Amino acid sequence: MKKFFDDFKKDIKFKSAGPGKKLTEDASKPAVAPSSSSSKQSRHAPSEGAQMAGAAALARIEQKQRPKVHTSQDAIRNQVKRELEAEAAALAEKENEVTAEGSKVKDAACLSVSGVYFTCPLTGATLTKSQREVHIKEAILMRFEEDDIEASVMMVHTFNKDREKVKAAVDIISKYVDNICKNPSEEKYRKIKVSNKVFQEKVSPVEGSREFLQAVGFISVMLPVEAQEEEEEFLVLPEQSDDALELMKERRDRLQRGEPVRAQLDRQPQAFRPSPNAQRFELPPEFYNLSAEELKKEQQQRTELVEKNAMLRTKAMREREEQRERRKYNYTLLRVRLPDGNLLQATFYAWDRLPALFEFVRESLMDGWQPFELIAPGGQKLQESEEVTLVECNLVPAALLTFAWDAAVQADIAAAGGKSSAALLKPELLERIQTLS
């Protein structure tokens with residue numbers, strides 16, 4: 001039989017491959033009968049019936065079911081990493097296109113800040129907006145080498161956007177652990193059928209859930225199922241000691257307390273020398289919710305309509321218009337003019353609250369322990385104790401604030417013969433001080 005198949009294949013090759021042609025074989029179809037040109041060859045082709053029988057046999061061999069291969073979690077994570085790298089490349093290309101488009105609106109050399117940046121809490125790397133998500137996911141995958149429990153908890157809470165689905169999966173996994181701890185000797189609680197409806201619908205779709213189960217000790221095993229010919233995959237936990245069960249409870253608690261890993265906004269603190277341009281701001285496209293082209297169009301329209309509408313709008317109408325304008329911004333660039341004339345600049349979220357602003361300024365000062373005041377444009381004194389957003393204080397998309405020490409405290413210091421530091425800002429800021437263009 002093997003010799004027949006070998007002759008059959010040779011005959012197909014002999015008849016199909018001609019000068020300059022690519023060899024093709026189709027085992028699912030009967031071979032074509034010999035042509036008049038091929039009949040001149042010294043070899044004789046098998047009969048048509050033999051060819052059809054051989055083709056059918058080859059088709060059966062090719063279609064024979066192969067053994068099921070179970071992909072390891074390391075292979076899955078490697079695949080995820082490759083996908084993340086491809087996603088990062090695509091996002092970087094898109095970001096470059098946006099930046100190029102934005103440069104048509106504003107010259108990059110004239111911008112008050114080069115862009116919006118973030119810091120990865122796991123690696124400390126500085127990232128652009130498009131890089132942050134991919135970088136954090138890669139950092140979490142690398143964490144499996146050090147602490148697979150921590151990494152899987154991070155994965156569950158970070159890789160999945162739907163918080164309700166995450167909660168449902170965490171609740172079910174917690175129930176698995178609770179049942180095992182209450183019934184440690186009962187095997188049925190230590191076996192999870194992967195094809196189970198609840199597992200498939202609630203647990204399996206949540207990235208990181210299977211990694212967590214494996215991290216606490218579950219292993220993948222193919223087991224026979226009653227009234228079925230084929231085996232099925234189960235996640236099985238070997239019987240645990242009392243100490244191991246206590247450790248499982250602690251790991252369950254870590255899963256329940258988990259939080260998403262998010263990149264933190266890099267405020268890009270920068271000191272500037274005294275400048276008459278302190279109130280001039282040129283913001284990059286990343287500060288806006290709109291595209292650069294949309295912004296350019298809106299700027300033109302506002303310029304044309306500002307005088308026409310100024311006399312017709314009521315105060316309430318103007319306030320509503322200002323609120324709509326401020327919602328176009330995700331971030332705000334704030335400068336603080338210090339008593340010595342130097343400027344302190346930083347980037348904030350538009351929805352950051354006043355305590356965050358005061359905390360940043362305090363951490364930038366040599367004598368941050370002393371009480372101080374921040375005065376907004378128009379003379380409004382900002383209150384650190386008020387939990388109001390920067391957008392609500394009309395500090396979006398940019399603003400120049402005035403810094404002042406608390407007068408009463410300064411008087412007490414002077415009366416006691418004390419002196420404040422000659423330099424207001426910390427050395428690390430003064431070492432990088434620049435001139436505002």
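Because the structure is a prediction, the values reported are computed rather than measured. For the numbers below, each heavy atom of this structure counts, side chains included, while hydrogens, waters and symmetry mates do not.
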> Hey, is the main chain of Val194 close enough, under 3.5 Å, to the side chain of Gln200 for a donor-acceptor pair?
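Yes.
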> Check residues 181-189 and write down every donor-acceptor pair under 3.5 Å in which the side-chain atom is one partner and the other belongs to a residue at least two apart or another chain.
unit_1	atom_1	unit_2	atom_2	d
Asn183	ND2	Asn179	O	3.0

> With Asp147, which residues qualify under side chain to side chain contact (heavy atoms under 4.5 Å, CB included), at least two apart?
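Asp147 satisfies side chain to side chain contact (heavy atoms under 4.5 Å, CB included) with Ile149, Glu150, Arg254 only.
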> Looking at residues at least two apart in the chain, or sitting in another chain, which of them share a salt bridge (Lys or Arg N to Asp or Glu O under 4.0 Å) with Asp340?
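With sequence neighbours excluded, Asp340 shows a salt bridge (Lys or Arg N to Asp or Glu O under 4.0 Å) to no residue whatsoever.
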> Heavy atoms only: give me the nearest Leu354-Glu386 pair and the separation to one decimal.
CB-O, 3.6 Å
> One pair to check against side-chain contact (heavy atoms from CB on, under 4.5 Å): Leu401 and Val361. What are the steps and the verdict?
CA-CA 11 Å; Leu401 308 174; Val361 174; over 6 Å; no
> Would you check if Leu283 and Leu111 make a side-chain contact, meaning some heavy-atom pair closer than 4.5 Å?
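No; the side chains remain at least 4.5 Å from each other.
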> Between Phe372 and Trp405, how do the two ring planes meet: parallel, tilted or perpendicular, split at 30° and 60°?
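Correct class here is perpendicular.
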> When rounded to the nearest 0.5 angstrom, what is the spacing between OG1 in Thr119 and CZ in Arg132?
11.5 Å
> Can you list, pair by pair, the side-chain donor-acceptor contacts under 3.5 Å of residues 153-170, counting residues two or more places apart and other chains?
unit_1	atom_1	unit_2	atom_2	d
His157	ND1	Arg163	NH2	3.2
His157	ND1	Gly258	O	3.4
His157	NE2	Leu255	O	2.8
Thr158	OG1	Met154	O	2.8
Thr158	OG1	Val261	N	2.9
Asn160	OD1	Glu207	N	2.9
Asn160	ND2	Val156	O	2.8
Asn160	ND2	Glu207	O	3.0
Lys161	NZ	Glu133	OE2	3.4
Asp162	OD1	Glu164	N	3.0
Asp162	OD1	Lys165	N	3.2
Arg163	NH1	His157	O	3.0
Lys167	NZ	Asp171	OD2	3.0

> Over all heavy atoms of both residues, which pair between Pro284 and Ser114 is shortest? Give the atoms and the distance, please.
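That would be CB-O, 4.2 Å.
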> Which residues satisfy the side chain to side chain contact (heavy atoms under 4.5 Å, CB included) test with Arg337, sequence neighbours excluded?
Ala278, Leu343, Leu400
> Any Lys/Arg nitrogen of Glu359 or Arg267 sitting under 4.0 Å from an Asp/Glu carboxylate oxygen of the other?
no
> With a 3.5 Å cut-off and no angle check, do the side chains of Arg273 and Thr435 form a donor-acceptor pair?
yes
> Hey, could you give me the CD1/CD1 distance between Ile192 and Ile180, rounded to the nearest 0.5 Å?
6.5 Å
> Supply the atom-to-atom distance Phe218 CZ to Leu235 CG, rounded to the nearest 0.5 angstrom.
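It is 7.0 Å, given to the nearest 0.5 Å.
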> Ala263 and Ile136: which non-hydrogen atoms are nearest, and at how many Å?
N-CD1, 3.3 Å
> Do you know the tightest heavy-atom contact between Val391 and Val396?
CA-CG2, 3.5 Å
> Out of curiosity, Ser275 OG to Gln434 CD, how far, rounded to the nearest 0.5 Å?
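Separation between the atoms: 12.0 Å.
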> Within a strict 4.5 Å, meaning less than it, do heavy atoms of the Val198 and Lys175 side chains meet?
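No, their side chains stay 4.5 Å or more apart.
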> Quick one: closest heavy-atom pair of Leu333 and Ser112, and the distance?
CD2-CB, 3.5 Å
> Would you find more than 12 non-hydrogen atoms of other residues, nucleotides or ligands less than 6.0 Å from Gln279 atom CD?
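Check fails, neighbour count at 12 or below.
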> Give the ring-plane orientation class for Phe348 versus Phe360, where under 30° counts as parallel, over 60° as perpendicular and anything between as tilted.
perpendicular
> Taking all non-hydrogen atoms of both residues, which atom of Pro355 and which atom of Glu387 are closest, and how far apart?
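Looking at all heavy atoms of both residues, the closest pair is CG-OE2, 3.5 Å.
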> CG/Leu344 to CZ/Arg335 distance, rounded to the nearest 0.5 angstrom?
11.0 Å
> Do Ser364 and Leu424 have side-chain heavy atoms sitting under 4.5 Å apart?
no
> So do the side chains of Tyr117 and Leu127 get within less than 4.5 Å of each other, counting heavy atoms only?
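Not in contact.
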> Does some side-chain heavy atom of Tyr331 sit less than 4.5 Å from a side-chain heavy atom of Leu265?
yes
> Is NZ or CZ of Arg251 both nearer than 6.0 Å to the six-membered ring centre of Phe212 and within 45° of the ring axis?
no
> With rounding to the nearest 0.5 Å, note down the distance linking SG in Cys110 to CD in Glu282.
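Spacing of SG (Cys110) from CD (Glu282) equals 7.0 Å.
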> A side-chain contact here means heavy atoms from C-beta on lying under 4.5 Å apart; do Glu211 and Phe144 qualify?
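A side-chain contact exists here, since the closest heavy-atom pair is under 4.5 Å.
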> Quick check: do Leu237 and Met248 have side-chain heavy atoms less than 4.5 Å from each other?
yes
> Is there a donor-acceptor contact under 3.5 Å from the side chain of Asp406 to the main chain of Val409?
yes
> Between Ser209 and Lys202, is the side-chain contact (heavy atoms from CB on, under 4.5 Å) condition met? List the steps.
CA-CA 10 Å; Ser209 58; Lys202 302 291 186 181; over 6 Å; no
> What do the steps show when you test Tyr176 against Val203 for side-chain contact (heavy atoms from CB on, under 4.5 Å), and what is the final call?
CA-CA 11 Å; Tyr176 292 155; Val203 180; 4.3 Å; yes
> Does a side-chain heavy-atom distance below 4.5 Å link Asp178 with Arg252?
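Side chain of Asp178 against side chain of Arg252, heavy atoms only: contact under 4.5 Å found.
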> Verify, without hydrogens or angle tests, whether Lys193 (side chain) and Phe199 (backbone) share a donor-acceptor contact under 3.5 angstrom.
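The answer is no, because no donor-acceptor pair under 3.5 Å joins these two groups.
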> Tyr329 pairs by ring pair (Phe, Tyr, Trp, His ring centres under 6.0 Å) with which of Tyr288, Tyr349, Phe281, Trp351?
Tyr288
> Could you work out, with side chain to side chain contact (heavy atoms under 4.5 Å, CB included) as the rule, every residue matching Glu201, not counting sequence neighbours?
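Counting only residues at least two positions away or on another chain, Glu201 forms a side chain to side chain contact (heavy atoms under 4.5 Å, CB included) with Lys197.
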> Would Thr389 and Arg353 count as a side-chain contact (heavy atoms from CB on, under 4.5 Å) here? Give the steps.
CA-CA 4 Å; Thr389 64; Arg353 299 181 182 275; 3.7 Å; yes
> Has the side chain of Arg432 got a donor or acceptor atom that lies under 3.5 Å from a matching backbone atom of Pro269?
yes
